[in-house]
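What follows is a single structure, written as structure tokens, with notes after it.
These numbers come from a predicted model, not from an experiment. Each chain gets a letter, A, B and so on, in the order its sequence line appears, and its residues count up from 1.
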Number of protein chains: 2
Amino acid sequence: MAVPPSLKGLQAFEAAARTGSFAAAAEELSVSAAAVSQLIRTVEEQMGRKLFHRVNRRVVLTEAGVEMLPRLTMAFQEIGSVARQLGGDTFRPRLVVSVPPSMAMGWLSQRLAGFASSHGAVDVSLRGDDDPVPFDRELIDIRLSYGPHYREHPTEDIVQDAVYPVCAPGLADTIKPEGMASLPLIHTGWGPTGASFPSWHNWFEAAGIEPGRAAQRGLSANSSRAALDLAISGLGVALAQGIYCAEALEDGRLVRPLAQALELRQPYCLTIPERSARRDVVAAFRQWLIDECRRAVNSPALR
Amino acid sequence: MAVPPSLKGLQAFEAAARTGSFAAAAEELSVSAAAVSQLIRTVEEQMGRKLFHRVNRRVVLTEAGVEMLPRLTMAFQEIGSVARQLGGDTFRPRLVVSVPPSMAMGWLSQRLAGFASSHGAVDVSLRGDDDPVPFDRELIDIRLSYGPHYREHPTEDIVQDAVYPVCAPGLADTIKPEGMASLPLIHTGWGPTGASFPSWHNWFEAAGIEPGRAAQRGLSANSSRAALDLAISGLGVALAQGIYCAEALEDGRLVRPLAQALELRQPYCLTIPERSARRDVVAAFRQWLIDECRRAVNSPALR
DNA sequence: CGAATAGATAAGTTCAGCTTATCTAGATTG
DNA sequence: CAATCTAGATAAGCTGAACTTATCTATTCG
């Protein structure tokens with residue numbers, strides 16, 4: 001590339017390639033067809049490479065052209081979207097929040113209304129993702145995960161949680177400490193990330209109870225959230241993270257039949273890439289999220 | 001936005017915001033500082049919104065400015081990357097291939113050399129992702145998954161696979177059909193997607209054998225790949241997909257102690273978004289991948 | 001307190017990008 | 001099959017967005 005191509009030239013190429021016609025591109029860009037033709041010719045000269053085959057009165061993308069089209073389309077769409085947001089008379093900041101799927105489903109989505117009402121005028125996009133999330137390819141502003149991944153971005157420990165046996169109040173009456181073995185246990189199949197989350201087996205070990213066959217038997221759920229729902233429905237005893245079950249314990253939908261808890265091996269961590277760190281919305285959300293997490297984990301119901 | 005902002009103006013803003021100084025941006029864009037100052041002023045007028053606070057002889061981003069910066073940086077980086085690729089004297093197409101993690105680790109990465117050598121000059125980026133992959137946010141050219149997700153993109157069934165009990169040759173000698181219950185089974189914990197993959201329990205059912213407690217016991221692995229490695233090491237009998245174990249069966253590292261197979265409920269599927277479909281590299285890779293998959297699944301060793 | 005620096009502004013220049021007009025050649029149609 | 005239409009290429013010239021230089025201001029810094 002002797003000289004970098006002009007942005008307008010690339011834009012004209014993108015429009016022409018996408019619509020399949022110089023005339024349509026000219027219409028879209030509000031210029032004459034001749035202008036599009038010249039811009040594209042100039043880009044081709046600058047790049048030293050044809051982007052269209054001129055076949056009679058049609059144009060067909062060359063291989064190089066067809067390769068570049070999707071990437072340019074995405075880039076110009078993004079720029080257009082930025083311009084539209086910036087030009088709107090009411091400017092709403094956007095915030096992309098990524099959390100583990102089980103947290104996106106229940107816990108956080110319920111609380112999000114609270115943030116929205118106290119910090120109005122923010123478009124929050126909540127994503128449930130497993131680690132690792134692609135900070136380099138996507139503009140994620142803030143990521144909550146279990147354990148510190150992402151050494152390359154500023155990461156802070158938020159709070160240390162534990163898991164607690166929980167069940168519906170009705171079921172609790174029938175339990176004696178030694179009687180665990182006779183109760184239906186709810187097993188949680190943690191996602192790919194959660195290899196180090198404790199299982200019932202670990203809990204029995206910590207409690208000093210011989211699990212026998214009980215630690216194997218029972219229902220199982222493929223997410224923390226689903227396990228909690230099963231427990232609330234009275235189908236068994238789940239081993240739930242404090243952050244998830246605190247609310248249900250407070251309002252009595254769940255009780256703790258046994259006091260023995262088991263610390264998680266890792267704290268919850270918050271990662272904010274440098275590029276997002278100085279945004280006001282991000283700072284506000286960070287503080288709000290930390291407070292919410294600590295409040296839930298330090299709930300009196302978990303003491 | 002009375003009038004859409006000029007691309008050059010946005011580019012000047014991006015450079016100035018990123019570098020933190022108009023002078024540095026001017027340097028980067030090879031223009032005078034005055035030019036940058038004017039371009040940015042024009043954008044601000046067009047948008048009806050300040051992007052920088054002018055504080056003495058410094059500039060500081062406004063909230064609107066800081067919000068927009070990362071998105072513009074990404075977009076212009078992408079455009080720059082396209083221009084560089086286009087301007088290089090040797091043009092190498094790029095291909096982004098997404099497959100389930102277990103396939104990215106072993107099976108496909110081994111074979112990829114074969115594609116590279118027969119279709120030279122292609123930059124293949126191989127990603128291991130769980131479904132769903134974000135076609136709308138990232139430029140994925142081709143996705144191989146188990147079962148049809150992605151109704152919104154053209155998807156084709158490739159081949160119907162099955163799972164087979166496999167183990168190391170040495171271990172096989174000790175097995176009798178009824179003796180399964182006495183052998184160490186290797187359980188595979190499929191990822192979040194794989195809820196419908198068959199388990200040993202399903203296999204026993206299909207084989208008409210009473211599993212007893214055997215279907216519960218044994219080692220477990222959290223990916224097909226890991227389970228296969230355990231089986232090759234002689235640590236037990238794994239239930240492996242044909243596509244993964246065909247090669248090891250052919251060269252004798254594994255054997256099938258029992259003939260009973262179990263069809264998967266879904267075929268492997270290939271999804272190619274419309275934007276990528278007409279690219280030559282994508283078409284070539286599609287055909288190659290289909291052939292490789294069918295060849296593996298229809299291996300004589302699996303009959 | 002100079003000297004240096006970063007940005008704003010004014011005035012003038014230039015060339016990228018635009019228009020209009022004309023040309024070509026396949027497609028369409030009566 | 002000629003007449004017409006359409007999509008793009010090209011030429012010539014115009015215009016204004018983008019640029020430069022020069023000057024001004026305010027601040028920082030040695």
Side-chain angles (χ1 to χ4, degrees), chain A residues 1-62 65-66 69 72 76 79 83 87, chain B residues 1-62 65-66 69 72 76 79 83 87:
Chain A
M1 179 172 51
V3 54
S6 76
L7 289 171
K8 287 206 173 183
L10 290 174
Q11 188 183 33
F13 162 70
E14 190 277 330
R18 178 165 38 76
T19 59
S21 124
F22 286 18
E27 166 85 1
E28 181 175 309
L29 300 175
S30 310
V31 295
S32 66
V36 172
S37 174
Q38 291 171 49
L39 280 171
I40 291 174
R41 176 156 45 98
T42 306
V43 170
E44 289 178 324
E45 281 161 11
Q46 285 166 334
M47 298 288 92
R49 177 164 280 120
K50 285 268 172 240
L51 295 169
F52 287 100
H53 295 297
R54 274 70 170 182
V55 46
N56 300 331
R57 65 169 197 147
R58 302 222 163 272
V59 284
V60 179
L61 281 168
T62 61
V66 87
L69 173 58
L72 288 179
F76 282 115
I79 291 175
Chain B
M1 177 172 55
V3 53
S6 77
L7 290 172
K8 287 207 173 181
L10 290 174
Q11 189 184 31
F13 161 71
E14 190 277 331
R18 178 164 38 77
T19 59
S21 125
F22 286 17
E27 166 86 1
E28 180 174 311
L29 300 174
S30 311
V31 295
S32 65
V36 171
S37 174
Q38 291 172 48
L39 279 171
I40 290 175
R41 175 158 44 99
T42 306
V43 170
E44 289 178 326
E45 282 161 10
Q46 285 166 335
M47 297 288 90
R49 175 165 283 121
K50 285 267 173 242
L51 295 170
F52 288 100
H53 295 296
R54 271 73 168 179
V55 46
N56 300 333
R57 66 171 195 147
R58 303 223 163 270
V59 285
V60 179
L61 280 168
T62 60
V66 87
L69 174 59
L72 287 179
F76 282 113
I79 290 175

Exercise. What is the minimum heavy-atom distance between B/I40 and B/R54, and which atoms define it?
Worked result: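 Nearest heavy atoms, B/I40 then B/R54: CG2-NH2, 4.1 Å.
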
If you check the [X] side chain, which of [options] turns out closest?
| X | options | answer |
| --- | --- | --- |
| B/R41 | C/dT9, D/dT20, D/dT27 | C/dT9 |
| A/L39 | C/dG17, C/dT19, C/dG7 | C/dG17 |
| A/F22 | D/dG8, D/dT10, C/dG17 | D/dG8 |
| A/Q38 | C/dA10, C/dG7, D/dA11 | D/dA11 |
| A/S37 | D/dA18, C/dG26, D/dT10 | D/dT10 |
| A/A34 | C/dT20, D/dG8, D/dT20 | C/dT20 |
| A/S32 | C/dG7, C/dA10, C/dT19 | C/dT19 |
| B/N56 | D/dC19, C/dT20, D/dA26 | D/dA26 |

Could you check whether [X] gets within reach of a base, just the sugar-phosphate, or nothing at all, counting any heavy atom under 4.0 Å?
| X | result |
| --- | --- |
| B/S6 | sugar-phosphate |
| B/T42 | nothing |
| A/V59 | sugar-phosphate |
| B/A23 | sugar-phosphate |

For this session: For B/A24 and for A/A33, find the nucleotide of DNA chain C with the closest heavy atom, then tell me which residue's nucleotide is more 5'.
Result: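 Nearer the 5' end of the strand: B/A24.
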
Exercise. Starting at the 5' end of DNA chain C and moving along, which residue's nearest nucleotide shows up first, B/R58 or A/V36?
Worked result: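 So the residue in question is B/R58.
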
Return the value, rounded to whole Å, for the distance between atom [atom1] of [X] and atom [atom2] of [N].
| X | N | atom1 | atom2 | result |
| --- | --- | --- | --- | --- |
| B/Q46 | D/dA18 | CD | C1' | 12 Å |
| B/H53 | C/dA8 | NE2 | C1' | 18 Å |
| B/K8 | C/dC15 | NZ | P | 13 Å |
| B/R54 | C/dT5 | CZ | P | 22 Å |
| B/E45 | C/dA8 | CD | C1' | 13 Å |
| B/I40 | C/dT9 | CD1 | P | 13 Å |
| B/L7 | C/dG17 | CG | P | 10 Å |

Exercise. To the nearest 0.5 Å, how far apart are CG in A/L10 and CE in A/M47?
Worked result: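 These two atoms lie 7.0 Å from each other.
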
For this session: Sorted by first residue and then second, give each ring-ring contact (aromatic ring centres under 6.0 Å, His included) pair with at least one member in residues 20-39 of chain A; sequence neighbours left out.
Result: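 Non-adjacent pairs meeting ring-ring contact (aromatic ring centres under 6.0 Å, His included): A/F22-A/F52.
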
Exercise. Would a distance-only check, ignoring hydrogens and angles, find a side-chain to backbone donor-acceptor pair under 3.5 Å from A/Q46 to A/V3?
Worked result: no

For this session: Without swapping roles, check the side chain of B/T19 against the backbone of B/A15 for a donor-acceptor pair under 3.5 Å.
Result: yes

For this session: Answer with yes or no whether B/R57 presents, from its side chain, a donor or acceptor under 3.5 Å of a partner atom in the base of D/dT28.
Result: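 When only heavy-atom distances are counted, B/R57 does not reach the base of D/dT28 through any donor-acceptor pair under 3.5 Å.
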
Exercise. Stepwise, does the side chain to side chain contact (heavy atoms under 4.5 Å, CB included) test hold for B/H53 with B/V59?
Worked result: CA-CA 6 Å; B/H53 295 296; B/V59 285; over 6 Å; no

